[in-house]
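Here's the structure, in structure tokens; my notes come after.
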Amino acid sequence: MEKLKTLLEKLNPQQKEAVLYFDSPLLVLAGAGSGKTRVITVKIAYMIEELHFPPERILAVTFTNKAAREMKERVEGILGRGVPAVISTFHSFCVRLIRAHSRRLGFSPDFLIVDEDDRKRVIKEVLKELNLSSDLYSPSVLSAAISNLKNGVASGLQLERVEEIFRAYNEKLKSINALDFDDLLLYGRELLLQEDLGEYYSEYFRYVLIDEYQDTNKVQYDIAKALTVKKGNICAVGDEDQCIYTWRGANIENILSFERDFKNAKVIKLEQNYRCSATILEAANAVIANNAYRKGKRLFTKNPKGTPIRLYCAESDVEEALYIVKGIKRLISKGIKPSEIAVFYRTNSLSRIVEDALRKEGVAYQIVGGLKFYERREIKDIIAYLRVALFEKDAISLFRVLNTPRRGLGSSVEEKLRKILEKEESNLEALKKLESALIQKKQRNSVGELIDVIELIREKASSLPPYDLIKFIVAATGYEQFLRKEYPEEWESRLENIRELGNTLQEFAEREGIKGKELYLEFLSTVTLSSDQDELEDSEKVTLMTVHASKGLEFDAVFLMGLEEGIFPHAKSQDQPEREEEERRLFYVALTRAKKFLSLSYSKKRRVFGSYRESEPSKFLKEIPRHLIREVKGKDRRVREAVPSGASKRPKLVFHPKFGKGVVKRVEGSGDTAKVTAFFANFGEKTIVMKFLKVLG
């Protein structure tokens with residue numbers, strides 16, 4: 001095929017070797033911007049076109065729906081036709097696996113996947129049943145703890161009865177035929193570890209490609225190994241320098257020990273960067289070289305040197321935000337599209353001040369990682385009606401729609417329904433029994449009307465096109481009137497969101513070619529498994545996001561703000577070398593998202609808990625060679641030099657986040673590694689390494 005042949009010829013030698021190698025397990029160490037997606041997609045196309053692998057027996061797994069969708073589109077673009085290769089996220093792959101074998105796990109095939117909001121609702125139900133206070137046992141904290149338990153991550157939660165809550169939560173999910181996000185991987189692994197299924201699927205998939213291998217956790221690693229370890233038919237692609245999710249279970253050891261886990265493994269390094277200017281890449285290389293926990297590679301590029309990296313020291317966080325917005329406006333005036341400009345920060349809380357400045361200057365922006373489309377109340381309400389009509393055990397959605405719009409069915413009615421559901425599995429049957437049990441005529445009528453609405457939606461779901469079904473739900477439930485009354489200032493925009501839901505459903509149906517209950521089941525699974533990046537709009541707006549959310553993306557211009565000790569690197573990494581290395585990897589990821597323009601900034605003082613606090617510049621700034629940086633305003637010696645020490649220049653007063661202010665008694669050594677002995681009023685004498693202290697005088 002001519003297009004495939006042309007693409008192969010354009011690959012560099014290492015990329016081409018990675019595409020054509022099939023003799024043993026393969027690890028492709030793909031540096032930032034080294035064209036790994038090109039390698040994966042060309043390799044899949046080569047298997048189909050030249051090696052004649054049946055497409056449906058090729059499995060390619062990545063971490064976001066967006067990445068999977070783009071990968072599939074690129075393969076089909078190369079081959080010029082639709083391709084039934086299984087290209088999906090780990091979670092989506094497990095959904096397909098579990099649906100095919102759900103009976104083995106005690107579920108029916110039309111199981112529901114609960115999102116974070118639903119999970120908290122289930123936890124509240126469990127707490128109520130166990131007579132536990134939701135003030136003492138926070139549903140949000142418990143939700144995170146349950147997720148950590150399922151992923152094998154230490155939560156640090158010391159509350160009593162957590163294990164009891166955990167068991168009751170899992171039992172509750174099973175009783176309503178539901179799984180949470182973490183269950184998908186756990187049950188997927190459980191199925192593949194069953195001897196007959198493990199044999200079948202490891203034989204069925206001729207070849208397995210795992211993207212972003214450095215981000216796999218223990219369960220995902222087990223899934224990959226179960227599918228490939230016997231035949232060695234695996235190509236793992238990743239970069240240990242971009243492992244930034246250990247806090248949610250990612251295990252960097254998976255990529256570092258690949259050759260030990262897969263015998264006779266071949267390792268190919270992709271070290272040519274096609275994205276960044278030579279200046280940006282040199283800075284990134286210099287920073288990441290300070291990490292010890294890596295396999296080691298040195299990226300290079302043939303791109304031009306480009307402009308120096310801007311460094312701005314602001315007097316305050318407000319001044320920093322103004323500098324960023326002025327810089328954005330200047331870039332736009334020079335012809336850079338707003339969609340090619342991004343502002344990164346370490347934590348979401350830093351976005352507010354930049355948002356204020358952007359609004360004031362009239363610059364359109366979008367936030368990745370904010371409230372997602374499918375998390376908006378009006379969208380969740382309409383989807384809940386759809387779920388109740390189609391899935392008879394979905395008690396979570398039933399309680400959501402029971403009094404939405406308001407029907408006079410308060411907490412006492414909810415409690416009666418809850419008790420009925422303990423004996424009755426079907427939502428409709430439970431509602432009919434509730435109707436009979438109610439004394440007040442108005443409440444009986446309200447429940448009767450709800451039953452009629454649910455039965456009508458169920459009937460129309462098999463005959464109406466998706467867009468018309470959403471319109472019908474709005475009309476049948478009186479939801480537009482509810483919005484007008486509840487949100488007089490914004491009901492129209494909320495109604496527009498619902499119309500967009502109808503459009504999305506219609507497009508999904510036409511694209512997937514499926515109808516009826518199967519369509520809605522597949523759509524709801526896709527919605528629940530969406531990621532922050534799936535919310536990115538293709539519009540001319542500046543993008544604001546955390547560095548974590550930026551992984552896999554690239555922009556012409558990047559503004560990285562808040563580069564202060566305790567923020568980036570995060571305070572939790574102090575005195576913990578492994579965490580500090582992960583913070584440095586995160587900084588490396590931020591730098592390598594920028595193609596042409598990179599601005600770094602920090603503030604001398606930042607408002608924290610209502611008042612300003614003095615700040616120190618990030619230690620990572622000192623790791624960038626000075627010749628690559630151009631300071632935009634002023635010269636802060638703190639960036640270029642470690643804190644001086646010794647008899648004549650040693651600091652006299654220091655601050656530690658835990659011990660507070662301290663008086664220096666002696667200093668041994670110099671620079672960041674100097675040992676400072678100081679007296680702290682409430683803690684006595686402590687000896688602390690200089691880099692963990694802030695000099696006050």
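Tyr245 contributes a side-chain N or O that, together with a main-chain N or O of His548, makes up a donor-acceptor pair within less than 3.5 Å. Using a distance-only test at 3.5 Å, with no hydrogens or angles considered, a donor-acceptor pair links the side chain of Gln220 to the main chain of Asn217. In this structure, the side chain of Ser525 engages the main chain of Leu521 through a donor-acceptor pair within 3.5 Å. A side-chain donor-acceptor contact under 3.5 Å links Lys72 to the backbone of Val83. Without hydrogens or angle criteria, Asn348 side chain to Thr546 main chain gives no donor-acceptor distance under 3.5 Å. A donor-acceptor pair under 3.5 Å links the side-chain atoms of Gln214 to the main chain of Asp239, judged by distance alone. A donor-acceptor contact shorter than 3.5 Å links the side chain of Lys3 to the backbone of Gly77. A donor-acceptor pair under 3.5 Å links the side-chain atoms of Lys551 to the main chain of Gln242, judged by distance alone. Between the Ser175 side chain and the Lys172 main chain, a donor and an acceptor come within less than 3.5 Å of each other. In terms of modelled atom types and a separation under 3.5 Å, the side chain of Glu540 and the main chain of Ser339 share a donor-acceptor contact.
Remark: the Ser143 side chain and the Glu116 side chain contain an N/O donor-acceptor pair separated by less than 3.5 Å. Side-chain polar atoms of Glu320 and Ser601 form a donor-acceptor pair below 3.5 angstrom. Defined by atom type and a distance below 3.5 Å, a donor-acceptor pair is present between the side-chain atoms of Tyr323 and Ser599. Between the side chains of Asn427 and Asp394, no donor N or O sits under 3.5 Å from an acceptor N or O. Side-chain N/O atoms of Ser446 and Arg407 include no donor and acceptor closer than 3.5 Å. Defined by atom type and a distance below 3.5 Å, a donor-acceptor pair is missing between the side-chain atoms of Arg484 and Tyr479. Defined by atom type and a distance below 3.5 Å, a donor-acceptor pair is missing between the side-chain atoms of Arg248 and Ser147. For the residue pair Arg593 and Ser550, no side-chain donor N or O sits within less than 3.5 Å of a side-chain acceptor on the partner. Residues Ser108 and Asn177 have side chains that bring a donor and an acceptor to within less than 3.5 angstrom of each other. Side-chain contact of Lys150 with Asn170: a donor-acceptor pair under 3.5 Å is present, judged by distance alone. In summary, the side chains of Asp115 and Tyr374 do not present any donor paired with an acceptor at a separation below 3.5 Å, with no hydrogens or angles considered.
Taking a cutoff of 4.0 Å between a charged side-chain nitrogen and a carboxylate oxygen, Glu355 and Arg352 do not qualify as a salt bridge. Ion pairing between Asp118 and Arg387 holds under the 4.0 Å rule for side-chain N and carboxylate O. A salt bridge does not link Glu486 to Arg494: none of the charged side-chain nitrogens sits closer than 4.0 Å to a carboxylate oxygen. A salt bridge between Glu70 and Arg74 is absent, with no side-chain N of the basic residue lying under 4.0 Å from a carboxylate O of the acidic one. Between Glu554 and Lys595 a salt bridge is recorded (basic side-chain N to carboxylate O distance below 4.0 Å).
Using cut-offs of 30° and 60° for the angle between ring planes, the Phe523 and Phe508 rings count as perpendicular.
A cation-pi geometry, defined here as NZ or CZ lying under 6.0 Å from the six-membered ring centre and within 45° of its normal, does not hold between Arg377 and Tyr487. For the pair Arg99 and Phe111, the cation-pi criterion (under 6.0 Å, within 45° of the ring axis) is fulfilled. The cationic group of Lys541 does not satisfy the cation-pi geometry with Tyr365, failing either the under 6.0 Å distance to the six-membered ring centre or the 45° limit from the ring axis.
Heavy-atom minimum distance, Ala461 versus Tyr520: O-CE1, 3.9 Å. Among all heavy-atom pairs drawn from Phe391 and Asp110, the shortest one is CD2-O, 3.8 Å. Across all their heavy atoms, Ser88 and Ala68 have their closest contact at CA-CB, 3.9 Å. For the residue pair Tyr169 and Ile123, the shortest heavy atom distance occurs at CD1-CG1, 3.9 Å. Shown here for Ile567 and Gly562, the closest heavy-atom pair between the two residues is CG2-O, 3.3 Å. Considering every non-hydrogen atom in both Leu409 and Asn403, the closest pair reads N-OD1, 3.1 Å.
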Evaluate salt bridge (Lys or Arg N to Asp or Glu O under 4.0 Å) for Lys380 paired with Glu375, printing each intermediate quantity in order.
-> CA-CA 6 Å; Lys380 289 186 73 71; Glu375 290 175 352; over 6 Å; no

Apply salt bridge (Lys or Arg N to Asp or Glu O under 4.0 Å) to the pair Arg275 and Asp556, showing each step before the final yes or no.
-> CA-CA 9 Å; Arg275 176 189 300 153; Asp556 280 348; over 6 Å; no

Please assess Lys485 against Glu480 for the test side chain to side chain contact (heavy atoms under 4.5 Å, CB included), listing each intermediate value before the final yes or no.
-> CA-CA 9 Å; Lys485 185 176 179 181; Glu480 181 177 335; over 6 Å; no

Going through the distances and angles, do Asp356 and Lys360 end up as a salt bridge (Lys or Arg N to Asp or Glu O under 4.0 Å)?
-> CA-CA 6 Å; Asp356 289 348; Lys360 187 176 180 181; over 6 Å; no

Where do Arg499 and Glu496 land on the salt bridge (Lys or Arg N to Asp or Glu O under 4.0 Å) test, with the steps shown first?
-> CA-CA 5 Å; Arg499 293 192 185 108; Glu496 192 59 43; 3.2 Å; yes

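Evaluation of the side-chain contact (heavy atoms from CB on, under 4.5 Å) rule for Thr347 yields Ser349, Leu350, His570 as partners, not counting sequence neighbours. For Glu492, the side-chain contact (heavy atoms from CB on, under 4.5 Å) criterion is met by no residue, not counting sequence neighbours.
The local environment of NZ in Lys596 is sparse, with at most 12 non-hydrogen atoms from other residues, nucleotides or ligands closer than 6.0 Å. Counting non-hydrogen atoms of other residues, nucleotides and ligands closer than 6.0 Å to CZ of Arg359 gives a total above 12. Taking a 6.0 Å sphere around NZ of Lys471, one finds it holds 12 or fewer heavy atoms contributed by other residues, nucleotides or ligands. By the neighbour-count criterion of 12 heavy atoms within 6.0 Å, atom CZ of Arg330 is sparsely surrounded, having that number or fewer from other residues, nucleotides or ligands.
The CG atom of Asp182 lies 6.5 Å from the NE2 atom of His91; values are rounded to the nearest 0.5 Å. Atom-to-atom distance recorded for Ile498:CD1 and Arg376:CZ is 11.5 Å, nearest 0.5 angstrom. Interatomic distance, CG of Leu421 versus CG of Leu398, reported as 6.0 Å (0.5 Å rounding). Once rounded to the nearest 0.5 Å, the distance linking CD1 of Ile113 with CG of Asp180 reads 10.0 Å. Rounded to the nearest 0.5 angstrom, Leu431 CG and Ile420 CD1 are separated by 8.5 Å. Annotation: the span from Glu512 atom CD to Thr526 atom OG1 amounts to 7.0 Å, rounded to 0.5 Å.
Within the 4.5 Å cutoff, the side chain of Leu428 has heavy atoms near those of the Arg458 side chain.
Taking the six-membered ring for Trp, Phe107 and Tyr187 have ring centres closer than 6.0 Å. Ring-centre distance between Phe344 and Phe559: not below the 6.0 Å cut-off.
Checked options Val547, Leu560, Leu586; the residue passing with Arg346 is Leu586 (criterion: side chain to side chain contact (heavy atoms under 4.5 Å, CB included)).
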